[in-house]
Structure formats: structure tokens, C-alpha cells
Protein chains: 2
Amino acid sequence: MTVKDLARDLGMSVSTVSRAFHPHAVIAPQTRDLVLQRAAEIGYRPNPFARSLITKRTSIVGLVVSDITNPFYPEVVTRLTEDLRAIDMNVMLVAASASGEIDDAVRLLLTYQPDLAVILASTLSTAARRECDEAGTPVIFFNRLSNDDDAFGVTCDNAAGGALVADYLIDRGHRRLAYVAARPDASTNIERREGFVRRAVERGLASPAVIEAGLFSYEAGYHAAPGFAALSPRPDGVFCANDILAIGFMDGVRRELGLSIPDDLSVVGFDDVAMAAWPSHGLTTVRQPVEAMLASTVELARKLAAHASTAPFVNRIPPAGLVERQSARTRHD
Amino acid sequence: MTVKDLARDLGMSVSTVSRAFHPHAVIAPQTRDLVLQRAAEIGYRPNPFARSLITKRTSIVGLVVSDITNPFYPEVVTRLTEDLRAIDMNVMLVAASASGEIDDAVRLLLTYQPDLAVILASTLSTAARRECDEAGTPVIFFNRLSNDDDAFGVTCDNAAGGALVADYLIDRGHRRLAYVAARPDASTNIERREGFVRRAVERGLASPAVIEAGLFSYEAGYHAAPGFAALSPRPDGVFCANDILAIGFMDGVRRELGLSIPDDLSVVGFDDVAMAAWPSHGLTTVRQPVEAMLASTVELARKLAAHASTAPFVNRIPPAGLVERQSARTRHD
DNA sequence: CTGAAAGCGCTTACAG
DNA sequence: CTGAAAGCGCTTACAG
């Protein structure tokens with residue numbers, strides 16, 4: 001079933017049939033209707049490969065993920081895939097656990113000439129980034145920023161989120177704050193810490209202690225418990241770089257140190273993943289503005305697909321608020 | 001950068017250059033080496049679209065997911081994507097939350113003529129299945145079986161898993177068993193229940209009560225607590241259709257009914273997702289043979305990509321064992 | 001507004 | 001073993 005078949009069927013030329021499928025092509029409205037209707041009847045759709053061979057556009061978005069143990073990402077991947085489909089873009093998924101593999105994966109992805117790459121992974125290697133540039137593929141970093149400047153970014157205002165947590169804890173009487181840090185190179189980790197520490201100091205507290213957990217994972221949080229125990233005086237308010245880290249940290253602190261939350265210490269996370277609301281965790285946390293971040297990404301994808309190039313910019317969206325649950329003491333006592 | 005460029009650069013014909021990239025093509029070994037080496041140097045890769053226009057093969061695997069709140073799937077999606085890339089296949093992801101959307105999504109996917117579709121979603125509508133058949137795209141159901149016969153399936157032996165749980169509970173002194181059921185139409189749910197119930201009856205117990213939770217989700221499990229409370233006599237051993245359901249059920253039973261696990265009742269899940277091992281859950285569960293299931297799927301993908309058609313079959317892999325944690329009483333008392 | 005023709009980047013019979 | 005040529009299913013100047 002090709003244009004030719006449809007053209008013959010309709011007694012038109014292939015050119016005319018082809019034009020019917022292009023919104024901006026010059027064609028009589030009635031002719032277009034005729035073609036589209038008949039196409040729907042017999043189930044014809046233009047072959048996207050043949051099309052992209054000429055147009056140099058593929059309607060493919062390459063989605064690069066790696067941080068898969070963080071439940072924040074599956075949700076984003078699903079939502080993004082659905083939302084992009086609504087503007088007729090298809091997601092080609094590239095997943096990588098080790099960072100060495102990601103370069104290969106991106107290279108293979110580029111072979112399919114995606115109109116756009118969206119990076120959900122912690123960091124994309126400089127080599128892979130350069131290849132995207134050479135291929136002329138724009139890159140959007142979602143929830144992470146690149147270290148260099150020539151990429152788009154859509155992220156939460158993480159520093160504002162960190163400050164929000166500091167205010168929340170201080171307003172409720174906490175005086176000895178600490179931060180459980182994740183990947184040292186991740187912009188999210190850095191900005192959340194900075195916003196948190198800065199606000200604490202502004203409000204006259206000692207600079208919060210920092211416990212290096214190293215990763216955004218349950219295990220990293222769990223194993224940060226000894227680092228917490230070593231702190232003296234013991235902090236009473238702990239901000240963890242994200243939810244999954246916070247959940248691991250709470251389990252570690254309870255199980256390994258026998259401490260009680262929020263009686264012995266308050267814990268606050270960042271993301272508001274679904275499981276933060278489960279009674280077994282009851283995590284007080286900063287809610288990411290996921291809807292706004294998705295909308296911004298899709299809008300940007302649409303623009304990049306339509307026009308040529310815009311100068312790269314970062315869209316930093318305010319957090320969607322702090323969700324109060326049971327992991328942080330709420331009274332000033 | 002096209003074959004033409006490379007051919008000119010090497011002083012060869014495009015035919016020869018093209019042949020260098022096809023393992024089975026007739027070409028002098030040294031010529032091939034020359035071409036491949038130069039291609040690597042200048043970064044040439046054949047355009048997969050132009051290629052597939054002729055070969056009718058795309059190296060694209062369409063991955064259809066929907067049950068995204070189940071943490072079992074993100075892991076599978078990542079692993080499958082990586083493993084398929086190792087045999088040079090690329091994953092095009094199709095995600096859908098509502099079931100109406102999935103038909104559209106599959107239709108769009110077929111436009112890219114994937115060599116294969118892998119279904120991780122609960123069920124694929126009959127309409128979408130027919131379209132795959134018409135397009136000649138083989139379908140593999142992963143961890144689910146189709147209701148009709150003409151599709152491949154890779155799954156755990158769920159009935160054996162259910163029997164395993166019955167034996168485990170009975171051997172440890174439980175006498176009043178119950179099953180918390182998920183999607184009534186899902187083969188996993190049906191088979192696990194059947195295996196569990198059959199073995200319980202075989203061993204002389206009353207047929208286990210069945211609580212219909214309706215879905216494979218935390219919320220469904222949580223809200224099954226009242227249904228459990230309504231049972232008389234109260235069951236002492238509960239098998240939940242999967243882990244995420246079990247975790248929700250445990251939270252519901254503790255929070256809504258004030259019961260203690262495993263003192264008041266034992267709970268066993270199915271999957272062994274990462275969070276089942278967390279101290280906050282400590283879920284005793286049946287481990288899915290994920291490695292073997294992935295290997296089988298990739299192997300099947302390779303075969304389907306290479307040869308033409310094999311008769312559809314189902315590969316039912318024994319469970320990888322029962323993992324003992326804290327949610328089920330281990331002593332006979 | 002429509003059609004005939006060239007061409008996108010490849011592969012693959014067909015000759016040699 | 002290699003090359004010239006046809007053709008995969010489209011799109012898009014160019015004429016009319």
C-alpha cells in the first residue's frame with residue numbers, strides 16, 4: 001500500500017496525493033478531503049522512512065535514561081511519551097546502566113536522526129554531547145542541567161526548593177540542620193544543597209553538615225546512616241537530595257541506629273514520588289512541578305520540530321510546594 | 001556523509017561500499033576491512049531509513065507499556081532496551097495509561113514497521129492485535145499471555161509459583177489461606193490464583209478465600225484491607241497477586257485494621273521487586289526468573305529478525321524461588 | 001491548483 | 001569479486 005496505489009485508486013497523481021498529507025502544501029481543500037478520507041478507508045499512511053529521507057526530519061525523539069532505580073523517572077518517561085505522541089512525535093528509548101554504554105547508545109540513536117534528544121540521565125558524556133551537536137540534534141536536559149551552555153534545560157528551581165526546606169525546618173524549631181548529598185556532579189544535588197545551606201546561614205544558623213551519600217538511590221541513603229551517627233551535635237533536621245535517597249536514609253537510621261522519626265530527627269525529601277505518600281514512608285517532601293516541566297518540554301519539542309534553531313535556554317520552574325506528611329516534626333517545641 | 005562520499009573517497013563503487021556493511025554479502029575480505037576502517041575514521045554509518053526502505057526490515061522493536069506504577073516494569077524496560085541494543089535492535093517506546101489510547105499508539109508504532117512488538121502492558125486490545133497481524137509484525141507478550149493463540153509469550157510459570165506459596169505457608173502452619181486478586185483478565189493473576197488454590201485444596205485445606213482488589217497497584221492492595229477484615233474466620237496466610245499489591249495490602253492492613261504482620265497474618269507477594277527487600281517492607285515473595293525471561297525474549301527477537309516465521313509458542317519459565325523475609329511467619333507454632 | 005520528473009541514501013539483481 | 005543501473009516510497013521544485 002503506497003502513494004502510487006492510492007493515487008491510482010483515486011485517479012490522481014502521486015504528487016497530489018502526497019500534498020494532501022502536508023498541512024501547508026498547496027492543494028484544493030476538497031481534493032485533500034477526498035484523499036484523506038479514502039486513505040483512512042483503506043488504511044494508508046505515508047511511510048515515515050521514505051518521507052524522512054527527503055525531509056530530513058523524522059518525528060523521532062530520542063529519550064536517554066539511566067537513573068532507573070529512581071521512581072521519579074518511570075513516571076516522567078511514560079508521561080513524556082504520551083504527551084509527545086499527542087504532537088505526533090515518537091520516542092526512541094535509549095537506556096544505559098553503566099556510563100560507558102551510554103555513549104554507544106547515543107551514537108546508535110543518532111543514526112536514526114532524531115529531531116531531538118531528551119536526556120533524563122544523570123549526565124551525558126562530553127563526547128556524546130559533541131556528537132549530538134555535530135549531527136545537528138538539539139538536546140534538552142530534563143531535570144538536570146548540562147555543564148556546558150549549548151543545550152536546552154527544563155528543571156525545577158532547585159535552589160528555591162532547598163530554601164523552602166530550610167525555612168520549613170527552621171520555622172518548626174529545628175536548629176541543627178544537615179544535608180544528605182547524592183551525585184556530586186548532578187546539578188540537582190548541587191543546587192538543592194546550595195539553596196538549603198544559604199537560607200540556613202541567612203537565618204543565622206550554623207552551616208548545615210553535609211553527608212556524602214554519593215548517589216540518588218535507596219542504598220546510598222541507607223548507608224548514609226553511619227555518617228549521620230558520626231555527627232556531633234546530632235542534627236535534628238535532615239534534608240535529603242531526593243525522595244528515594246530520603247526513604248533509604250529513613251530506613252537506615254531506624255534500622256541501623258534505632259532512632260525514631262520524627263521524634264529524634266526530622267527528614268525531608270525532594271520530588272514527591274508516589275511512594276512518598278505511602279503510610280510506610282509518610283515522607284514530607286518538596287513537590288516537583290512535573291506537569292509544568294512536561295508541558296514546557298513538549299512545547300519546546302514542538303518549536304524545535306517546527307522552526308529551525310532557537311538559542312538554548314534553561315526553563316527553571318518554581319517547586320510546586322512542600323507536602324507535609326509524618327517524617328518531619330510540625331510543632332515548635 | 002553518504003555511501004557516495006565514502007565510495008568516492010575510497011575510489012570504489014557504491015555497490016562495493018554497501019556490501020562491506022553486510023556480513024553475508026560477497027566481497028573480498030580485504031576490501032571490506034578497508035571500507036569499514038575508513039568508515040570508522042570519518043564516522044560514516046549507513047542511513048537506516050534508506051536501508052529499510054529496501055530491506056523491509058528496520059531493526060526497531062516496539063515496546064508497549066502501560067502498567068507503569070508497578071516497579072517491575074521499569075527494570076524490565078531498561079534491561080530489555082540494553083539487551084536488544086546488544087543485538088543491534090532499537091526500542092521504540094509506546095506508553096499508554098488509558099486503554100483507549102493504546103490502540104492509537106500501536107497504530108502509530110506500526111507506521112515505523114517494527115520488526116517485532118513486545119507487549120508489557122496488561123492486555124492489548126483485539127483490534128490492535130489484528131493490526132499487528134495484518135502488518136506482519138510478530139508480537140511477544142512478556143509476563144502476560146494473550147487470550148488468543150497466535151502470539152509468542154515469555155512468562156514465569158505462575159501456577160507453579162502459586163503452588164510454591166501454598167506449600168510454603170502450609171508447611172509453616174498456616175491453615176486459613178486467602179488470595180488477594182488483581183486484574184481479573186490478566187493471565188498472571190489467574191494462573192497464580194489457580195496454582196495457589198489448587199495446591200491448598202490438594203493438601204486438604206479449605207479452598208482459599210479470594211479478595212478482589214481489581215488492579216496490580218499499591219492503592220488496590222491498600223483498599224483490599226476492609227475485604228480482608230470481613231472474612232470470617234480470619235485468614236492467617238495471604239498470598240497477593242504481586243509485590244506492589246502486597247505492599248499496599250500490608251500498609252492497609254496495618255494502618256486501617258491495626259493488625260500486625262506476621263503476628264496476626266502472614267503476607268507473601270510475587271515478583272521480588274527491589275523494594276520488597278527494603279526493611280520498611282521486608283516482603284517474603286516469589287522471585288520471577290527475570291534473567292531467564294529477558295534472555296528468552298532477546299533470543300526470540302534475534303530469531304524472528306533473522307529468519308522469517310516460526311510458529312508462535314509460549315516459554316513458561318519456572319520461578320526463581322521463594323525469598324524469605326519478615327512478612328511471613330517462619331515457624332510452625 | 002495539478003502532474004511529470006528528479007532525487008533522498010541506500011540495496012541488490014544482473015553483467016562482466 | 002566488482003560496477004552500472006534500477007528501484008524502495010516518498011517529497012518538492014518546476015512547468016503548465
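Within every chain, numbering begins at 1; the chains are lettered A, B, ... in the order of the sequence lines, protein sequences first and strands thereafter. Any value given below was found using the heavy atoms of this structure, including those in side chains, with hydrogens, waters and symmetry copies removed.
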- Examine C/dT11: is either OP1 or OP2 under 4.0 Å from a nitrogen or oxygen in the side chain of B/Lys56? Give yes or no. no
- Can you find a side chain N or O atom of B/Ser15 that sits less than 4.0 Å from OP1 or OP2 on D/dG3? no
- On the 0 to 90° scale, with breaks at 30° and 60°, tag the B/Tyr112-A/Phe49 ring pair as parallel, tilted or perpendicular.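 Ring orientation, 0 to 90° scale: perpendicular.
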- Message: Quick check on B/Arg57: does its CZ atom have over 12 non-hydrogen neighbours (other residues, nucleotides or ligands) under 6.0 Å away?
- Response: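 Yes, because the 6.0 Å sphere around CZ of B/Arg57 holds more than 12 heavy atoms from other groups.
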- Task: Nearest-nucleotide wise, let me know which of A/Met1 and B/Gly11 is further upstream toward the 5' end of DNA chain D.
- Result: B/Gly11
Rounded off to whole Å, could you give me the [atom1]-to-[atom2] distance for the [X] and [N] pair?
X       : N      : atom1 : atom2 : result
B/Arg51 : D/dG9  : CZ    : P     : 18 Å
B/Leu6  : D/dT2  : CG    : P     : 14 Å
B/Asn47 : D/dG9  : CG    : C1'   : 14 Å
A/Phe49 : C/dT11 : CZ    : P     : 14 Å
A/Ile54 : D/dT11 : CD1   : C1'   : 4 Å
A/Leu53 : D/dT12 : CG    : P     : 12 Å
A/Arg8  : C/dG3  : CZ    : C1'   : 16 Å

- Hey, is A/Arg316 close enough to A/Asp157 for a salt bridge, meaning N to O under 4.0 Å?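 Salt bridge flag = no for A/Asp157 with A/Arg316.
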- What is the nucleic acid contact for A/Arg57, judged by heavy atoms within less than 4.0 Å: base, sugar-phosphate only, or nothing? nothing
- Contacts to DNA chain C from residues 16-44 of chain A, heavy-atom cutoff under 4.0 Å, which residues?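 A/Thr16, A/Arg19, A/Val26, A/Ile27, A/Ala28, A/Pro29, A/Thr31, in order of number.
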- Message: Tell me which nucleotide, if any, is Watson-Crick or G-U wobble paired with D/dA13 when both distances must be under 3.5 Å.
- Response: none
- Query: Should D/dA4 form a Watson-Crick or G-U wobble pair with both distances under 3.5 Å, which nucleotide is its partner?
  - Reply: none
Test item: [X] side-chain N/O and [Y] main-chain N/O as donor-acceptor pair under 3.5 Å:
X        : Y        : result
A/Ser18  : A/Val14  : no
A/Thr81  : A/Val77  : yes
A/Asp115 : A/Ala305 : no

- Query: Ring centres of A/Phe313 and A/Phe152 under 6.0 Å apart?
  - Reply: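 Close enough - the centres of the two rings lie under 6.0 Å apart.
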